[in-house]
Amino acid sequence: MDEFEKEIAQIAELGIKNNPLRLTYEREVRALSSLPEQLRAEGCSEEQIARVMHNRRRELGRQFKEAAPSLFREYIYAATAAKYGDPLGPTFEILKEKKTYAQIIESASRPIDDLDNRLTLDGFLKWYKSL
């Protein structure tokens with residue numbers, strides 16, 4: 001079985017949202033929710049907290065993307081870049097155009113609910129065939 005077949009079988013069996021790597025990532029993202037209180041106690045401004053939260057979430061995303069199987073990782077990067085213009089997701093500057101600092105802080109510790117609608121087996125197949 002080649003790499004493509006292995007990754008297709010894994011996605012078909014577990015889906016994306018229920019993959020153990022994804023579940024661990026979501027736990028780590030939710031754990032960021034305790035950070036703003038700590039940063040406020042240290043005297044950080046809302047903007048500083050928003051930047052720290054965004055950077056931590058972005059770094060978690062990078063780490064977990066890198067841990068994904070190679071072809072699927074490439075698909076995730078391509079899909080994320082297509083949606084946000086950046087393979088790691090929206091930049092802080094883009095978020096600032098649409099959200100308040102409080103919204104950026106809150107959303108940094110909230111995993112994407114509709115992931116299985118964004119990253120799909122069908123999307124992976126189409127992406128792979130386009131290579």
Side-chain angles (χ1 to χ4, degrees):
M1 184 180 292
D2 70 9
E3 176 102 13
F4 174 74
E5 290 170 336
K6 287 179 191 174
E7 292 186 33
I8 285 291
Q10 184 179 23
I11 295 167
E13 180 185 341
L14 298 172
I16 296 164
K17 189 89 170 152
N18 294 321
N19 182 288
L21 185 63
R22 178 66 193 187
L23 295 174
T24 302
Y25 168 73
E26 289 189 4
R27 277 193 304 275
E28 299 249 351
V29 166
R30 284 187 202 94
L32 291 175
S33 65
S34 64
L35 189 56
E37 185 177 327
Q38 174 189 339
L39 294 172
R40 282 186 191 94
E42 293 172 9
C44 292
S45 69
E46 285 298 290
E47 179 180 0
Q48 290 170 320
I49 296 168
R51 287 183 182 278
V52 168
M53 293 293 288
H54 176 264
N55 289 337
R56 293 276 180 95
R57 170 68 180 268
R58 200 167 160 89
E59 178 57 19
L60 279 175
R62 187 197 63 73
Q63 289 173 2
F64 279 86
K65 284 175 178 87
E66 286 300 313
S70 62
L71 290 174
F72 192 63
R73 176 178 55 243
E74 290 178 41
Y75 166 59
I76 294 168
Y77 279 136
T80 305
K83 181 168 179 63
Y84 298 110
D86 185 301
L88 292 177
T91 64
F92 187 79
E93 289 68 30
I94 288 173
L95 289 177
K96 257 185 15 179
E97 293 173 7
K98 300 174 184 176
K99 296 182 174 191
T100 65
Y101 293 139
Q103 289 170 324
I104 293 170
I105 292 166
E106 189 276 328
S107 66
S109 63
R110 188 183 64 238
I112 297 170
D113 286 332
D114 64 348
L115 184 69
D116 281 329
N117 294 329
R118 292 188 190 186
L119 298 175
T120 64
L121 179 59
D122 191 43
F124 179 69
L125 293 169
K126 287 178 186 175
W127 169 83
Y128 186 77
K129 288 177 184 177
S130 74
L131 295 179

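Count residues from 1 along the sequence.
Contact of the Y128 side chain with the L71 side chain is registered, since non-hydrogen atoms from C-beta on lie closer than 4.5 Å. Proximity of N19 to Q10: side-chain heavy atoms (C-beta onward) are separated by under 4.5 Å at one or more points. Side chains of R58 and F92 form no contact here, defined as non-hydrogen atoms less than 4.5 Å apart. Looking only at side-chain heavy atoms (C-beta outward), R22 and N18 stay at 4.5 Å or farther from each other. Here the side chains of L32 and R57 are in contact, with some heavy-atom distance below 4.5 Å. A heavy-atom distance below 4.5 Å is not found between the side chains of T80 and D86. Two residues are said to be in side-chain contact when any heavy atoms from C-beta on lie closer than 4.5 Å; S70 and E7 meet this criterion. Y77 is listed as a side-chain neighbour of E66, based on a closest heavy-atom distance under 4.5 Å.
Within the 3.5 Å criterion, the main-chain N or O of D2 finds a donor-acceptor partner in the side chain of E5. The backbone N or O of R30 sits less than 3.5 Å from a side-chain atom of S33, completing a donor-acceptor pair. Of the possible donor and acceptor atoms, one in the side chain of H54 sits under 3.5 Å from a partner among the backbone N and O of P90.
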**Message:** Please evaluate residues L35 and M53 with respect to the criterion side-chain contact (heavy atoms from CB on, under 4.5 Å), reporting the C-alpha separation (whole Å), side-chain torsions for both, the decisive distance (0.1 Å), and the verdict.
**Reply:** CA-CA 8 Å; L35 189 56; M53 293 293 288; 3.8 Å; yes
**Request:** Could you walk me through whether I11 and F72 pass side-chain contact (heavy atoms from CB on, under 4.5 Å), step by step?
**Result:** CA-CA 9 Å; I11 295 167; F72 192 63; 3.4 Å; yes
**Request:** Could you walk me through whether S107 and R110 pass the side-chain contact (heavy atoms from CB on, under 4.5 Å) test, one step at a time?
**Result:** CA-CA 5 Å; S107 66; R110 188 183 64 238; 3.5 Å; yes
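For the pair R62 and E59, the salt-bridge criterion is met [side-chain N within less than 4.0 Å of a carboxylate O]. In this structure, E26 pairs ionically with K17, as a charged nitrogen and a carboxylate oxygen lie closer than 4.0 Å.
Taken together through direct or relayed side-chain contacts under 4.5 Å among Ile, Leu, Val, Met, Phe, Trp and Tyr, I49 and Y101 form parts of separate hydrophobic clusters. Tracing side-chain contacts under 4.5 Å through hydrophobic residues (I, L, V, M, F, W, Y), one reaches L119 starting from I8; they form part of the same cluster. Linking Ile, Leu, Val, Met, Phe, Trp and Tyr whenever their side-chain heavy atoms come within less than 4.5 Å puts V29 and L39 in one cluster.
In plain terms, the two heavy atoms of A78 and W127 that are nearest each other are CB-NE1, 3.6 Å.
Relative ring orientation between Y75 and F124 is described as perpendicular, the plane-to-plane angle rising above 60° on a 0-90° scale split at 30° and 60°.
Of the inter-residue distances, the one linking N117 atom CG with I16 atom CD1 reads 10.0 Å to the nearest 0.5 angstrom. To the nearest 0.5 Å, the span separating CD1 on I105 from NZ on K99 amounts to 11.5 Å. Interatomic distance, CG of L95 versus OG1 of T100, reported as 10.5 Å (0.5 Å rounding).
Atom CZ of R51 has more than 12 heavy atoms from other residues, nucleotides or ligands within 6.0 Å. Under a cut-off of 6.0 angstrom, the local environment of CD in E93 is crowded, with over 12 non-hydrogen atoms contributed by other residues, nucleotides or ligands.
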